[in-house]
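Have a look at the structure below before the remarks.
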Number of protein chains: 2
Amino acid sequence: MTTEFAPPGPLDARDATRLRVLQCIRSAGAISRTDIAQALDSSPATVTSACVALLEAGLIREEQRPPSENVQRGRPRVMLQINGDALAVAGMKVARDAILVMIADFKGDEIGTYVSPLAQSRMSPDQLVQEVRRALDAACAALDMSPDQIAGLSLGMPGFVNGESSFMHWSSSVTERNVNFAPLFRRDLPCPTFLDNDANLVAKAEHLFGAGKGLRNFLVVTIEHGVGMGIVLNGELYRGERGCGAEFGHMKVQFGGALCQCGQRGCLEAYVGDYAMVRDAFTGRQVDAAKTIQDILDAARGGDTLAQEVLDRASQILGVALANLVNLFDPEHIVLARSRPPFDHPYSETLLNALRQNTVQVDAPLPEITVRNLNEMMWAKGATAHGIEMVTLLKLRGEGAEDAA
Amino acid sequence: MTTEFAPPGPLDARDATRLRVLQCIRSAGAISRTDIAQALDSSPATVTSACVALLEAGLIREEQRPPSENVQRGRPRVMLQINGDALAVAGMKVARDAILVMIADFKGDEIGTYVSPLAQSRMSPDQLVQEVRRALDAACAALDMSPDQIAGLSLGMPGFVNGESSFMHWSSSVTERNVNFAPLFRRDLPCPTFLDNDANLVAKAEHLFGAGKGLRNFLVVTIEHGVGMGIVLNGELYRGERGCGAEFGHMKVQFGGALCQCGQRGCLEAYVGDYAMVRDAFTGRQVDAAKTIQDILDAARGGDTLAQEVLDRASQILGVALANLVNLFDPEHIVLARSRPPFDHPYSETLLNALRQNTVQVDAPLPEITVRNLNEMMWAKGATAHGIEMVTLLKLRGEGAEDAA
DNA sequence: AAAATTTAATTTTCTCGGTGAAATAATTGT
DNA sequence: ACAATTATTTCACCGAGAAAATTAAATTTT
């Protein structure tokens with residue numbers, strides 16, 4: 001077992017082909033060599049040799065009994081599929097009060113989840129890495145696994161992060177700025193570890209497994225306490241020049257508008273983030289307990305005019321902001337991802353109207369909008385998707401190295 | 001002389017290396033084979049063979065007298081440079097009252113310009129192509145050239161255009177919607193002709209020859225009658241899924257705000273476009289003649305408070321809108337391109353302040369902002385840049401085909 | 001049931017772009 | 001003139017991918 005946790009660099013031509021074949025199999029679920037060749041527009045010979053390598057590496061396997069559905073003449077196709085048992089990865093999300101952990105197999109299927117509570121919501125880098133270690137060990141223990149079985153760990157974190165170098169410019173979870181986490185990970189964690197912005201990871205998950213499968217240009221907008229975004233352009237995650245783009249939550253939608261937690265005014269987040277809506281809906285009222293978004297939804301359903309107004313305004317503002325994204329990026333698809341509590345019907349209706357009314361008018365139809373009501377674990381699941389991708393690259397490079405040795 | 005005007009498709013590996021070498025030479029101005037090999041991280045042998053092909057095709061040439069500056073021991077390097085005389089391209093911009101033409105050599109240097117007046121600002125597709133033909137012939141005549149000498153024509157047009165297929169969804173210059181210009185070009189024009197959005201072409205020019213040279217992520221914002229944008233991401237022009245993105249001018253900056261020429265409210269353009277500023281500065285006044293932006297600038301300098309306010313507000317709004325772009329794209333660089341009349345000092349100051357105050361705070365410095373005061377011909381020049389790129393691709397593919405024949 | 005047919009996958013042979021090593025070219029320094 | 005140095009070219013080779021031929025595994029026909 002190697003101990004080199006270098007970030008996966010560019011692949012040579014051969015490994016790139018193997019990766020393409022692997023991704024083709026992954027996105028198809030089960031597919032024959034012939035169909036892979038057709039899908040990738042390459043020769044059967046190339047596919048065969050790539051599959052030999054992937055089979056030897058244990059990353060894929062042949063389906064044993066094709067249920068002989070549509071029986072054809074000729075030699076039957078052998079279906080290939082991802083070998084889920086090949087390895088396991090851990091995906092984690094640093095939230096305010098806990099680290100959320102999901103362990104997934106190589107297929108992306110959940111093996112189990114775990115919530116590791118945090119004493120404070122802000123920590124030093126060292127403390128954070130220790131907490132990650134603790135979370136990993138506890139999750140493995142709870143799932144009856146050994147940490148050795150984890151082939152890679154992907155960590156999602158709010159803030160400005162350069163995912164390629166594991167360098168964090170700033171995060172609300174960390175007391176320091178400008179921290180290079182790579183050496184800390186190497187020192188304290190038993191497996192290759194990758195860091196990225198949390199919304200980027202959700203986008204990656206949608207790209208690999210979700211609504212963005214196979215798409216080249218799409219956006220994932222996360223709406224929770226704050227508002228985040230992941231951008232996939234030309235089939236790749238777009239991170240910006242310094243890893244601090246995609247700050248949809250801080251797009252200014254009103255001059256001198258509502259105060260945002262970032263200290264500026266008029267940010268989208270200051271209108272549609274959970275904290276902002278709670279603030280607006282309960283300002284100046286006698287409130288006996290801490291209120292949440294759920295209380296607003298309940299109040300609105302119960303006929304509370306102010307609550308209804310707050311929801312309505314938020315929907316409208318979000319719709320206009322999304323229209324801005326459509327006008328700028330012209331994406332194929334937008335995924336609105338939210339954990340608890342889910343988007344409501346009236347919410348979506350107002351939103352879609354505002355969207356339609358504020359996009360530039362073309363004959364072509366609007367991009368599709370998918371609303372995803374998930375649970376908190378969507379963040380950790382996003383991280384597993386990224387982890388699987390990273391570990392795959394390591395594996396391919398690793399196998400290549402073995403050949404050479 | 002071939003007559004196949006097929007759009008340049010993807011290149012094979014060999015032509016791709018030749019193209020990389022050519023671009024390396026172009027961006028360096030003059031460079032030796034050894035340095036090219038180093039810059040492209042490839043072997044000297046590869047560079048040699050690519051250069052042989054490029055020299056044979058006449059696209060580059062060896063510099064005759066290296067002025068023996070820093071004399072070194074050993075065999076002196078032979079400097080290679082683009083052969084400007086290799087070919088000429090025409091760049092055109094469809095403006096409201098004229099087609100602006102620039103003829104440039106293969107180096108990108110201007111051979112000459114020409115303005116071909118238009119009777120109407122909106123035409124049928126056929127009429128437009130005829131006008132283009134007329135403009136080409138007239139420009140060539142004026143510059144003492146034959147249209148046969150033009151290796152390619154690139155046409156910039158406002159509106160939603162798919163640059164890869166020459167399909168126009170909509171343009172303010174054309175009376176019809178959803179027109180495929182490719183067959184019209186083939187029918188009526190004597191050389192390969194390419195269509196794209198005008199702002200995209202300015203971005204291309206900045207990328208090849210201007211402030212964006214060598215950059216991977218940058219934006220070009222054009223501010224004139226309307227507001228446009230070209231986006232370069234990962235070193236390539238980003239056009240969106242359907243070719244109707246980058247509509248920065250129609251980003252909503254105010255709910256229910258000022259009326260835009262697109263019919264919607266609150267668009268950036270409705271605050272900072274020329275027409276909007278003129279409208280704001282002279283509404284409700286006794287005006288004796290048609291006013292222009294220049295009149296506002298003059299009035300403001302002369303102490304006119306309303307004019308000053310209009311300028312100030314436009315600067316501030318543009319600054320906030322640019323901050324949104326920075327927050328979303330995190331670019332290396334933003335070019336503000338404008339022809340007549342130039343940005344003023346106070347304009348830029350207010351703008352930069354608004355920009356600073358509305359970008360997400362990171363330790364990393366803001367992207368650089370270049371203000372470009374150009375003349376009307378910047379649009380046509382942008383088109384020549386694109387034309388050069390397209391014709392280069394044709395040439396490379398063409399030479400390959402000749403080899404085969 | 002054997003042979004023919006059909007489709008899938010593998011093996012073989014070949015092509016071609018790129019590379020390293022060796023050769024050649026064009027200088028300066030002694 | 002000759003050695004040293006650096007740039008470029010030539011040449012033999014490698015390796016990834018492709019076309020063609022072969023083998024494999026089924027069904028259909030006879």
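Since the structure is predicted, the reported quantities are computational estimates derived from the model, not experimental observations. The analysis underlying the following values was restricted to heavy atoms, covering all of them including side chains, and did not include hydrogens, waters or symmetry mates.
For the OP1/OP2 pair of D:dA16 and a distance below 4.0 Å, the side-chain nitrogens and oxygens of A:Thr17 include no atom meeting the criterion. Put simply, A:Ser43 has no side-chain N or O that comes within less than 4.0 Å of OP1 or OP2 on D:dG17. Taking only side-chain nitrogens and oxygens, A:Thr48 comes nearer than 4.0 Å to OP1 or OP2 of C:dT10. In terms of phosphate contacts, B:Thr46 brings no side-chain nitrogen or oxygen within less than 4.0 Å of OP1 or OP2 of C:dG18. For B:Arg75 and C:dA25, the shortest distance from a side-chain N or O to OP1 or OP2 is not below 4.0 Å. For C:dT7, neither phosphate oxygen OP1 nor OP2 lies less than 4.0 angstrom from any side-chain nitrogen or oxygen of A:Arg73.
Looking at B:Asn234, its side chain never comes within 3.5 Å of a backbone N or O of B:Glu236 through a donor-acceptor pair.
Aromatic ring centres of B:Phe329 and A:Phe329: separated by under 6.0 Å.
The stretch residues 27-41 of chain B has no heavy atom under 4.0 angstrom from DNA chain C at all.
A:Ala13 comes within 4.0 angstrom of sugar-phosphate atoms only, judged by non-hydrogen atoms across all strands, and of no base. Using a 4.0 Å heavy-atom distance criterion, B:Val78 is classed as a sugar-phosphate-only contact.
Evaluated for a side chain to side chain contact (heavy atoms under 4.5 Å, CB included) with B:Leu54, the options B:Ile82, B:Asn83, B:Leu59, B:Leu80 yield exactly one hit, B:Leu59.
Where A:Gly74 and A:Ser42 each meet DNA chain D at their nearest nucleotide, the meeting point lying more 5' is that of A:Ser42. Mapped onto DNA chain C by nearest heavy atom, A:Val52 and B:Asp12 fall at different nucleotides, with A:Val52 at the one closer to the 5' end.
For B:Arg14, counting side-chain heavy atoms from C-beta on, the closest listed nucleotide (D:dA7, C:dA9, C:dG17) is C:dG17. The side chain of A:Ala45 lies closest to D:dA19, out of D:dA25, C:dT10, D:dA19.
Ring geometry for A:Phe194 against A:His386 counts as perpendicular: the plane angle is over 60°, on a 0 to 90° scale with 30° as the lower cut.
Here D:dT8 presents its C1' atom at 10 Å from CD of B:Glu62, a figure rounded to the nearest Å. Residue B:Gln72 contributes atom CD, which lies 15 Å from atom C1' of D:dT8 at whole-angstrom precision. Distance CG (B:Leu396) to P (C:dG17): 13 Å, rounded to an integer number of Å. The separation between B:Leu80 atom CG and D:dA7 atom C1' is 12 Å, rounded to whole Å.
Residue A:Gln149 places its CD atom among more than 12 non-hydrogen atoms of other residues, nucleotides or ligands, all under 6.0 Å distant.
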Go through it in stages, so that I can follow the logic: the residues are A:Arg33 and A:Glu62, the test is salt bridge (charged side-chain N to carboxylate O under 4.0 Å, His left out), and I'd like the CA-CA distance, side-chain angles, deciding distance and then a yes or no. CA-CA 10 Å; A:Arg33 289 170 176 81; A:Glu62 299 187 335; 2.9 Å; yes

Set out, in order, the CA-CA distance, both residues' side-chain angles and the distance that settles salt bridge (charged side-chain N to carboxylate O under 4.0 Å, His left out) for B:Asp85 and B:Arg61, then state yes or no. CA-CA 10 Å; B:Asp85 304 331; B:Arg61 58 188 162 84; 5.3 Å; no

